[in-house]
Enquirer: 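Quick one: the structure is below, and I'll ask about it shortly.
Everything quoted here is computed from the prediction, not taken from an experiment.
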Amino acid sequence: MASLAAHLINPVLRVQVKRKLARATDAESLRKAFRSPMPTPRGVRYTPSIIGGVPGEWVEPAFGAPPAMTVLYLHGGGYVVCSAESHRPVTGGLARRGLRVFAADYRLAPAHPFPAAVDDGFAAFRGLVAQGHDPASLAIAGDSAGGGLALAVALRVREAGMAMPARLVLFSPWTDLAGTGRSAVENRRCDPMIQGGRIADGARPYLAGTDPYNPFASPLYADLAGLPPILVHVGAREVLLDDSVRLHEKALAAGVDSLLRIWPVVPHAWPIFQAILPEGRAALDESAAFIRGAAPPPAALR
């Protein structure tokens, strides 16, 4: 059952975010739509760093023994906006749950279109390995565009013949930049954040003429064989719901261990609202446990 907070946040987002996104015509107007920072988790240390030539920040528990697992986190924002700092509610939340996180500030469109984000994500992963991180102790995670990017980076790792990370965790991933999912139409009114009819338009600054069916831009169209276990979280009301459902089904067909968690009522990429949404904290709990090797409760998954 959805929380009262989940029901209450949707009308607020409809006014504060969805309307602004509907009027957004450039990167600056998109930034204004997302200019409402959430509280930063306490008990976490944030340290600027550069890994593999990619700037970002380490997000770590302020106290206790060093975590055994490290997460490369790739933030959402349509490949155009947001940053490692904007997503501290998520990365800090993971760190509070006993993980060490490198949040990458990959290059953004329109100044740096595809494949700049993929190149940077792969460079950060390769840099972590070069620093001595065993891929078996690494996970890649991301939300929205960052979720699709996490998949694309894993595909690049496979293409390079490198050892795969141990886990992939995706929150409301954007896996189909062509916007062909039925939920883009069926959920266009109930999604409190994203305009279903503008998915393909929103991809243009990043694609810059690239075919939206390119598998490194839209991992839904990739051969997923050989990827590590995947945990996908998505909201039942999201226009991007089918980006997750179809990905999950395709991963299973390719022999990949995939777990799909569909949450009622919650908005797109809701773990960023974990300070006020119990569902956000629960998703982070499940994700941290999954990254450490534990299986989420079967009743919660498809």
Enquirer: F216: which residues meet the ring pair (Phe, Tyr, Trp, His ring centres under 6.0 Å) condition with it, sequence neighbours left out?
Expert: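 Here no residue qualifies.
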
Enquirer: Assess the residue pair R281 and R97 against the criterion (side-chain contact (heavy atoms from CB on, under 4.5 Å)); give the C-alpha distance rounded to whole Å, side-chain angles, the decisive distance to 0.1 Å, and a yes or no.
Expert: CA-CA 10 Å; R281 297 188 291 276; R97 288 159 175 82; 3.7 Å; yes

Enquirer: Identify the two heavy atoms, one from C82 and one from G76, that lie closest to each other, and give their separation to 0.1 Å.
Expert: CB-O, 3.2 Å

Enquirer: Within a strict 4.5 Å, meaning less than it, do heavy atoms of the W270 and I9 side chains meet?
Expert: no

Enquirer: Is a donor on one side and an acceptor on the other found under 3.5 Å between the side chain of E279 and the backbone of A2?
Expert: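 Judged by distance alone, no pair lies under 3.5 Å.
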
Enquirer: Which is it for L170 and T175 under the side-chain contact (heavy atoms from CB on, under 4.5 Å) test, yes or no, and what are the steps along the way?
Expert: CA-CA 10 Å; L170 316 175; T175 68; 5.6 Å; no

Enquirer: So, does K250 use its side chain to make a donor-acceptor pair with the main chain of L220 at under 3.5 Å?
Expert: yes

Enquirer: Quick one: does H268's side chain get under 4.5 Å of D143's, heavy atoms only?
Expert: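 No. Closest side-chain heavy atoms not under 4.5 Å.
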
Enquirer: Hey, could you give me the CG/CG distance between L168 and L138, rounded to the nearest 0.5 Å?
Expert: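 Atom-to-atom, L168:CG and L138:CG are 11.5 Å apart.
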
Enquirer: From R237 CZ over to M193 CE, what is the distance, rounded to the nearest 0.5 angstrom?
Expert: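 R237 CZ to M193 CE: 14.5 Å, rounded to 0.5 Å.
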
Enquirer: Between A152 and P219, what is the shortest heavy-atom contact and its length?
Expert: N-CG, 4.0 Å

Enquirer: Classify the ring geometry of Y79 against Y206: parallel below 30°, tilted from 30° to 60°, perpendicular beyond 60°.
Expert: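 The arrangement is parallel - the two ring planes meet at less than 30°.
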
Enquirer: Do D223 and P215 come close enough that some side-chain heavy atom pair is under 4.5 Å?
Expert: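 Answer no - side chains too far apart.
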
Enquirer: Which value, rounded to the nearest 0.5 Å, describes the distance between S144 atom OG and I272 atom CD1?
Expert: 10.0 Å

Enquirer: Looking only at heavy atoms, what is the nearest atom pair of S3 and L277, with distance?
Expert: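 Closest heavy-atom pair between S3 and L277: OG-CD2, 4.5 Å.
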
Enquirer: Go through the steps for I51 and Q131 under the test side-chain contact (heavy atoms from CB on, under 4.5 Å), then give the verdict.
Expert: CA-CA 9 Å; I51 305 293; Q131 285 190 352; 3.2 Å; yes

Enquirer: Strictly by modelled atom types, are Y221 and N214 linked by a side-chain donor-acceptor pair under 3.5 Å?
Expert: no

Enquirer: When you measure from the side chain of R88 to the backbone of V59, do you find a donor-acceptor pair of N or O atoms at a distance under 3.5 Å?
Expert: no

Enquirer: Please examine the side chains of L72 and P165, heavy atoms only from C-beta on, and report whether any two atoms are closer than 4.5 Å.
Expert: no

Enquirer: Step by step, would you call H233 with S287 a side-chain hydrogen bond (donor to acceptor under 3.5 Å, both in side chains)?
Expert: CA-CA 9 Å; H233 296 278; S287 300; 2.9 Å; yes

Enquirer: Under a 4.5 Å cut-off applied to non-hydrogen side-chain atoms, are L94 and L284 in contact?
Expert: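 L94 reaches L284 side chain to side chain.
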
Enquirer: Check whether any side-chain heavy atom of D176 lies under 4.5 Å from a side-chain heavy atom of I199, and answer yes or no.
Expert: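 Answer no - side chains too far apart.
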
Enquirer: What pairs meet the side chain to side chain donor-acceptor pair (under 3.5 Å) rule with one or both residues in residues 99-117, with sequence neighbours excluded?
Expert: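 Residue pairs with at least one partner in residues 99-117: E60-R100, R107-D120.
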
Enquirer: Are P271 and P89 packed together at the side-chain level, in the sense that at least one heavy-atom pair is separated by less than 4.5 angstrom?
Expert: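 With C-beta onward as the side chain, the pair stays apart.
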
Enquirer: Quick one: NE2 on H248 to CZ on R261, what's the gap to the nearest 0.5 Å?
Expert: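 So the gap between those two atoms works out to 13.0 Å.
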
Enquirer: If you take all heavy atoms of A254 and A225, which pair is closest and at what distance?
Expert: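 A254 and A225 have their closest heavy atoms at CB-N, 3.8 Å.
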
Enquirer: Answer with yes or no whether the hydrophobic clustering places I50 together with V54; edges join I, L, V, M, F, W, Y residues whose side-chain heavy atoms lie under 4.5 Å apart.
Expert: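 No.
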
Enquirer: I'd like to know if the side chain of S258 reaches the main chain of L252, judged simply by a donor and an acceptor atom lying under 3.5 Å from each other, with no hydrogens or angles considered.
Expert: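 It does not hold such a pair.
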
Enquirer: Has the side chain of Q274 got a donor or acceptor atom that lies under 3.5 Å from a matching backbone atom of V90?
Expert: no

Enquirer: Under 4.5 Å between side-chain heavy atoms, hopping through other hydrophobics if needed: is there a path connecting L259 to W263?
Expert: yes

Enquirer: How about CD on E85, more than 12 heavy atoms from neighbouring residues, nucleotides or ligands closer than 6.0 Å, or not?
Expert: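 Open.
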
Enquirer: Using side-chain heavy atoms (C-beta onward) and a distance below 4.5 Å, is T91 in contact with V44?
Expert: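 A side-chain contact is absent here, since even the closest heavy-atom pair is not under 4.5 Å.
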
Enquirer: Taking all non-hydrogen atoms of both residues, which atom of S172 and which atom of A269 are closest, and how far apart?
Expert: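 Residues S172 and A269, closest heavy atoms: OG-N, 2.9 Å.
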
Enquirer: Nearest 0.5 Å, what's the CD1-OG distance between I262 and S244?
Expert: 8.0 Å

Enquirer: Could you go through T180 and R246, starting from their C-alpha distance and side-chain angles, then the distance that decides it, and tell me whether this counts as side-chain contact (heavy atoms from CB on, under 4.5 Å)?
Expert: CA-CA 11 Å; T180 64; R246 292 181 294 166; 3.1 Å; yes

Enquirer: To the closest 0.5 Å, what do you measure between OG (S137) and CZ (R292)?
Expert: 14.0 Å

Enquirer: Consider only side-chain heavy atoms of I, L, V, M, F, W and Y, link residues closer than 4.5 Å, and tell whether L177 and V185 are in one cluster.
Expert: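 Looking at the clustering, V185 is in a separate group from L177.
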
Enquirer: Got more than 12 heavy atoms from elsewhere within 6.0 Å of CZ, R182?
Expert: no

Enquirer: Does N187 have any side chain to side chain contact (heavy atoms under 4.5 Å, CB included) partners at least two apart in sequence or in another chain, and if so, which?
Expert: S183, C190, V239, L241

Enquirer: Apply the test salt bridge (charged side-chain N to carboxylate O under 4.0 Å, His left out) to residues R188 and D191: give CA-CA distance (whole Å), side-chain angles for both, the deciding distance (0.1 Å), then the verdict.
Expert: CA-CA 6 Å; R188 67 188 185 280; D191 188 314; over 6 Å; no

Enquirer: Between D243 (side chain only) and W174 (backbone N and O only), is there a donor and an acceptor less than 3.5 Å apart?
Expert: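 No; judged by distance alone, with no hydrogens or angles, the pair does not exist.
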
Enquirer: Cluster question for you: counting only ILVMFWY and a side-chain heavy-atom cut-off of under 4.5 Å, with indirect links fine, are V12 and I276 together?
Expert: no

Enquirer: Between L224 and V256, which heavy-atom pair has the shortest distance, and what is it?
Expert: O-CG2, 3.2 Å

Enquirer: In terms of hydrophobic clusters joined by side-chain contacts under 4.5 Å, are L155 and M162 together?
Expert: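 In one cluster: yes.
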
